[in-house]
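Just so it is clear, the structure is predicted and the values come from calculations on it, not from any experiment. Chain letters run A, B, ... following the sequence lines, proteins first, then strands; residues in each count from 1.
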Amino acid sequence: MPELPEVETIRRALEPAIRGCRIRSLEVWQPRLRYPVPPELARIITGQRITELSRRAKYLIFHLEEQNWLLVHLGMSGRLHLTDMAEARGPHDHWEIRLSHRVLRMHDPRRFSLLLKGQGNPGLHPLLASLGPEPLAPGFGGPAWVQALRARKAPVKSLLLDGRLIAGVGNIYASEALFRAGIDPRRSGNRIGATRARILGTAIRLVLKEALEAGGSTLRDYRHPNGDPGSFRVRWRVYGREGEPCPDCGETIRRIRIGQRSSFFCPSCQH
DNA sequence: ACTGGCTCCTGAGGGC
DNA sequence: TGCCCTCAGGAGCCAG
């Protein structure tokens, strides 16, 4: 599923291909996504150039002319395909943007994705306004992070998924980062010392950066839908490994529920 | 102000 | 072989 590193990988691949391209048309086949696709969207964006593609958390922002922009989120099963020419529409293909020589299409079986519009400063949009800091931005993990984490008493695993505290961390990286930091996912934020909070901040950046570097392979999958996605799969240390030995100590990895979400951890390495 | 539970949706996988 | 049940997940929303 698209996590922050994959969304950033998509952004990096897409931006040079679409920057400067003019939108010829927008076709919406299924407007009932996470939020309804605005009916007037096609009228607003047709004829405009894409000036920039940016990312905030797991949101992609397609900047257009006249301070218009499109907000796209992939949800958990959304895929963006950029092709040279229009293809027959398949099941779960919900919309496509036709550019001068290319077509950008959204495929999303579970329909948790979204396509919205905005005008002016994207950061003021309700979905973006309350987002916390970007973990990969310079300076993340300093005093502000330590203070914010320790001000909360929810399980740290849940806090990592709270976009107001930190933007874009998903279920996989929350488990992975806590394993790297040696912190029990059930531990309350306010029971994590300042030193360990800093270590966690570093661990988050580490797992995201590693995945981002491996994301170059996801790029190939993105460009060539026939490619075998399994061969490029990143090897998680604990995520999805219930019952397997911990890569560090050999203890059996456990899976527990925290806030309705699966969490994987090593009971020996994480406290 | 926080926390935890619910919700949207469909495909996959396990049990019988 | 096939049906049914449960679960997975992003993240906003809401009740307590």
Of all the choices, [options], which nucleotide is nearest to the side chain of [X] once you look at every atom?
X: A:Leu127; options: B:dT3, C:dG9, C:dG12; value: C:dG12
X: A:His73; options: B:dT3, C:dA11, B:dC6; value: C:dA11
X: A:Gln260; options: C:dG9, C:dA8, B:dC6; value: B:dC6

For this session: Walk me through it: do A:Val7 and A:Arg11 pass the test side chain to side chain contact (heavy atoms under 4.5 Å, CB included)?
Result: CA-CA 6 Å; A:Val7 175; A:Arg11 190 199 69 77; 5.7 Å; no

Backbone N or O of [Y] within a donor-acceptor pair of the [X] side chain at under 3.5 Å?
X: A:Gln270; Y: A:Cys266; value: yes
X: A:Arg255; Y: A:Ser263; value: no
X: A:Glu176; Y: A:Val207; value: no

Would you tabulate the pairs of protein nitrogen or oxygen atoms and nucleotide nitrogen or oxygen atoms of nucleotides 11-13 of chain B closer than 3.5 angstrom?
from	atom 1	to	atom 2	distance (Å)
B:dG11	OP1	A:His92	NE2	2.8

Seminar exercise, completed: Across all chains, not counting sequence neighbours, the salt bridge (Lys or Arg N to Asp or Glu O under 4.0 Å) partners of A:Arg152 are A:Asp162

Report yes if a side-chain nitrogen or oxygen of [X] is closer than 4.0 Å to either non-bridging phosphate oxygen (OP1 or OP2) of [N]; otherwise report no.
X: A:Arg255; N: C:dA8; answer: yes
X: A:Ser262; N: C:dA8; answer: yes
X: A:Arg261; N: B:dG5; answer: no

Exercise. Is the ring centre of A:Phe112 under 5.5 Å from the base ring centre of C:dA11, and are the two planes under 30° apart, so that they stack?
Worked result: no

Exercise. Regarding A:Ser100 and A:Arg22, is there a side-chain donor-to-acceptor distance under 3.5 Å anywhere?
Worked result: no

Exercise. Where along residues 52-63 of chain A does a heavy atom come under 4.0 Å from DNA chain C, residue by residue in number order?
Worked result: A:Lys58, A:Tyr59

Exercise. Residues from residues 150-158 of chain A sitting under 4.0 Å of DNA chain C, heavy atoms only?
Worked result: none

Problem set entry | Reference residue A:Tyr239; test ring pair (Phe, Tyr, Trp, His ring centres under 6.0 Å); the match among A:Phe264, A:Phe265, A:Tyr173 | A:Phe264

For this session: Could you please spell out the steps behind the salt bridge (charged side-chain N to carboxylate O under 4.0 Å, His left out) verdict for A:Glu134 and A:Arg56?
Result: CA-CA 8 Å; A:Glu134 288 286 330; A:Arg56 180 77 168 102; 3.0 Å; yes

Exercise. What is the bend of the helix from B:dC2-C:dG16 to B:dC16-C:dG2 when you compare the axis at one end with the axis at the other, using five pairs each and rounding to 10°?
Worked result: 50°

Problem set entry | Closest-nucleotide 5' rank along DNA chain B - winner of A:Arg32 and A:Leu159 | A:Leu159

What are the atom names and distances for every N/O pair under 3.5 Å that joins the protein to nucleotides 14-16 of chain C?
none

For this session: Give the rounded distance in Å between these two atoms: CG of A:Leu33 and C1' of C:dG9.
Result: 16 Å

For this session: Using a heavy-atom cut-off of under 4.0 Å over every strand shown, decide if A:Leu74 touches base, sugar-phosphate, or nothing.
Result: nothing

For this session: Have a look at A:Glu3 and say if it touches a base, only the backbone sugar-phosphate, or nothing, with a 4.0 Å heavy-atom cut-off.
Result: sugar-phosphate

